[in-house]
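Keep in mind the model is a prediction, meaning the values are calculated, not measured.
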Amino acid sequence: MPRIRVKKSGPLKGSIKIDGAKNAVLPIIAATLLANGKCVLNSVPNLRDVHVISDLLRYLGAEIEYKDNVLTVDTSNINTYEAPYELVKKMRASFLVMGPLLARFNHTKISMPGGCAIGTRPIDLHLKGFKALGATIEMDHGFVEARTDSLKGNKLYLDFPSVGATQNIMMASVLAEGVTTIENAAEEPEIVDLANFLNEMGASVRGAGTNTIKIKGVKELHGAEHTIIPDRVEAATYMVAAAMTKGDVVLENVIIDHLKPVIAKLREADVTVEEGENSIRVIGPEAIKPIDVKTLPHPGFPTDAQAQFMAMLTVADGTGVVIETVFENRFMHVTEFNRMGANIKIDGRSAVVNGVKELVGADVTATDLRAGAALILCGLIAEGTTNVGEIYHIQRGYVDIDKKFRALGGDVSIVED
Ligand code: EPZ
């Protein structure tokens, strides 16, 4: 099994380019099912998850090509509305095809998504939205079936600003009759990118990026060309790497506005952050000041950067507290950090991180893609060598993570056992 070997490295220096956002491109690929015709997506990251959802669309009848970060999708000949277990189980985000297929066929049958290491990941809010639009829902033998004579716009409230539920309901409502209002909607930048793409296809979506999104149904959508926004979570990961290694790193292809909570918390920890037009420079301090981090839906601090910030706090000059409010079980990385000599105690949704002088390299295991990336960060500053196993998690969300770290002077390589 391949693993990532990390050796203690000096301060990271130099510049790298951030790829397109995984969490923006996956719903946008699903949204191409709404178009009668061809879509061209630029800045599509070469990630396992992109190929998984592309294979699902091919199964449904789409023609897809991927070359040099450009994905062309022709969904003119979609010939089924059923998504099978063996394809959906590979990735929860596959469930995002449910809204588009329901909008296109008034009928769809999708295998329930698996949970994963970070929690049960229910779909009740997705289904609440589809029901509000007039669909009847049946759950049977691990499948969810939704059908309707025709979808009608409605007003609905999300008990939690779920990113996936907001996206699925937006996509289900763009062809519905009348206006749909989603209240307490998710406000993440990836929601805005999806709304922009839907509008480029001829939809009428207003308010994305706020907690109230209004969608006016239209008759049909046409193909469109779109460039995916940069990945704010990939950027946050390398920003923390620069901070932890007392480095000096420039990241190209970022949107500063998407990084505000991450920039604010790094500055609070005495990290220097210089904002460019579409680049950012991070200079690590002699000592990391301990800070408290509480994850919240956007524009709060992103849960997807929680493990990386905790890695930084393991060697801070004092005690910091990390509170995870978005997922009920996103501290799986704590045991792995403690095996490297960190001193972290979990108390429910809080983790108390007492900074230590130095971490020690060890054999560790990635439990989800962000935890895996955070273990590489720890390995960069730990004495000796760290071997990270189960790296498929990491490769789901990070393009060429070994090459990018090596370009910055990090001793990171993928080795076969
Ligand atoms: C998206 O997942 C992202 N994935 C996640 O990124 C990210 O952590 C998450 O949003 C939160 O920002 C993609 O975009 C592909 P949610 P999603 O629905 O949509 C509860 C990464 O590391 N909930 O906002 O699945 C749920 O249990 C990944 O790149 C319900 O209760 O997240 C969780 O506690 C990890 N009922 C909370 O909402 C529902 O119907 C947030 O989930 C749906 C969700």
- Does Ser9 reach the main-chain N or O of Lys7 with its side chain, forming a donor-acceptor pair under 3.5 Å? yes

- Message: As a quick check of understanding, evaluate side-chain hydrogen bond (donor to acceptor under 3.5 Å, both in side chains) for Glu220 and Asn36, giving each step before the final call.
- Response: CA-CA 8 Å; Glu220 70 163 13; Asn36 283 325; 3.3 Å; yes

- Residue Glu225 excluded, over 12 heavy atoms near CD under 6.0 Å: yes

- Task: Not counting sequence neighbours, which residues clear salt bridge (Lys or Arg N to Asp or Glu O under 4.0 Å) with Arg58? List them please.
- Result: Asp55

- For Thr237 and Tyr398, run side-chain hydrogen bond (donor to acceptor under 3.5 Å, both in side chains): C-alpha distance rounded to whole Å, both residues' side-chain angles, the deciding distance at 0.1 Å, then the answer. CA-CA 10 Å; Thr237 306; Tyr398 290 91; 2.7 Å; yes

- Item | Gap separating the CG atom of Asp19 from the CG atom of Leu47, nearest 0.5 angstrom | 7.0 Å

- Message: Run Tyr85 and Phe143 through ring pair (Phe, Tyr, Trp, His ring centres under 6.0 Å) and show every step you take.
- Response: CA-CA 8 Å; Tyr85 173 65; Phe143 275 81; 7.9 Å; no

- Checking Thr295 side chain against Phe301 main chain: does a donor-acceptor pair fall under 3.5 Å? no

- Task: Could you tell me whether a side-chain N or O of Arg339 sits under 3.5 Å from a main-chain N or O of Asp363, the two making a donor and an acceptor?
- Result: yes

- Message: If we count only N and O atoms by modelled type, under 3.5 Å, do the side chains of Arg5 and Asn387 hold a donor and an acceptor together?
- Response: no

- Task: Could you tell me whether Glu390 and Arg396 make a salt bridge, using a distance below 4.0 angstrom between a side-chain N and a carboxylate O?
- Result: no

- Message: For Arg330 and Asp368: C-alpha separation, side-chain torsions, deciding distance, then whether salt bridge (Lys or Arg N to Asp or Glu O under 4.0 Å) applies.
- Response: CA-CA 9 Å; Arg330 201 169 193 174; Asp368 74 82; 3.7 Å; yes

- Pairwise salt bridge (charged side-chain N to carboxylate O under 4.0 Å, His left out) hits with a residue in residues 158-176, at least two apart: Lys128-Asp159

- Query: Can you check whether His298's main-chain N or O pairs, donor with acceptor, with Glu188's side chain at less than 3.5 Å?
  - Reply: yes

- Message: Working to the nearest 0.5 angstrom, can you tell me the gap between Leu101 CG and Asn106 CG?
- Response: 11.5 Å

- Message: With a 3.5 Å distance limit and no angle check, can you tell me whether Asn168 reaches the backbone of Gly99 through a side-chain donor-acceptor pair?
- Response: yes

- Whether Asp292 side chain and Gly320 backbone form a donor-acceptor pair below 3.5 Å: no

- Task: Please assess Asp304 against Lys22 for the test salt bridge (Lys or Arg N to Asp or Glu O under 4.0 Å), listing each intermediate value before the final yes or no.
- Result: CA-CA 12 Å; Asp304 293 344; Lys22 167 179 84 80; over 6 Å; no

- Query: Can you check whether Ser15's main-chain N or O pairs, donor with acceptor, with Tyr238's side chain at less than 3.5 Å?
  - Reply: no

- Is there a side chain to side chain contact (heavy atoms under 4.5 Å, CB included) between Ile283 and Val249 once you walk through the steps? CA-CA 7 Å; Ile283 302 168; Val249 169; over 6 Å; no

- Would you confirm whether Asn253, through its side chain, and Lys17, through its main-chain N or O, come within 3.5 Å as a donor-acceptor pair? no

- Test salt bridge (Lys or Arg N to Asp or Glu O under 4.0 Å) on Glu145 and Arg147 and set out the steps. CA-CA 7 Å; Glu145 187 164 12; Arg147 64 173 82 205; 2.9 Å; yes

- Please collect all salt bridge (charged side-chain N to carboxylate O under 4.0 Å, His left out) contacts where either partner lies in residues 227-245, sequence neighbours excluded, each pair once. Glu190-Arg232, Glu234-Lys404

- Task: Report yes if some heavy atom in the side chain of Ser279 is under 4.5 Å from a heavy atom in the side chain of Arg281; otherwise report no.
- Result: no

- Item | Option among Lys214, Arg206, Lys155 that satisfies the side chain to side chain donor-acceptor pair (under 3.5 Å) test with Thr181 | Lys214

- Task: With side-chain hydrogen bond (donor to acceptor under 3.5 Å, both in side chains) as the test, would you mind laying out the steps for His51 and Asn46 before giving the verdict?
- Result: CA-CA 8 Å; His51 303 306; Asn46 185 14; 2.6 Å; yes

- Task: Check whether any side-chain N or O of Thr75 sits under 3.5 Å from a backbone N or O of Ala35 as a donor-acceptor pair, and report yes or no.
- Result: yes

- Note on the structure: One should read off an interatomic distance between Asp49 CG and Asn23 CG, to the nearest 0.5 angstrom, of 8.5 Å

- Task: Would you mind reporting whether Lys219 and Leu175 have side-chain heavy atoms less than 4.5 Å apart?
- Result: no

- Asn69 versus Lys67, side-chain donor and acceptor atoms under 3.5 Å: no

- Donor-acceptor under 3.5 Å (Gln167 side chain, Ile169 main chain): no

- Message: As a quick check of understanding, evaluate side chain to side chain contact (heavy atoms under 4.5 Å, CB included) for Val144 and Met98, giving each step before the final call.
- Response: CA-CA 9 Å; Val144 190; Met98 186 160 191; 3.7 Å; yes

- Message: Looking at Lys13, I want to see if its NZ is surrounded by more than 12 non-hydrogen atoms of other residues, nucleotides or ligands under 6.0 Å.
- Response: yes

- Message: A side-chain contact here means heavy atoms from C-beta on lying under 4.5 Å apart; do Met310 and Val293 qualify?
- Response: no

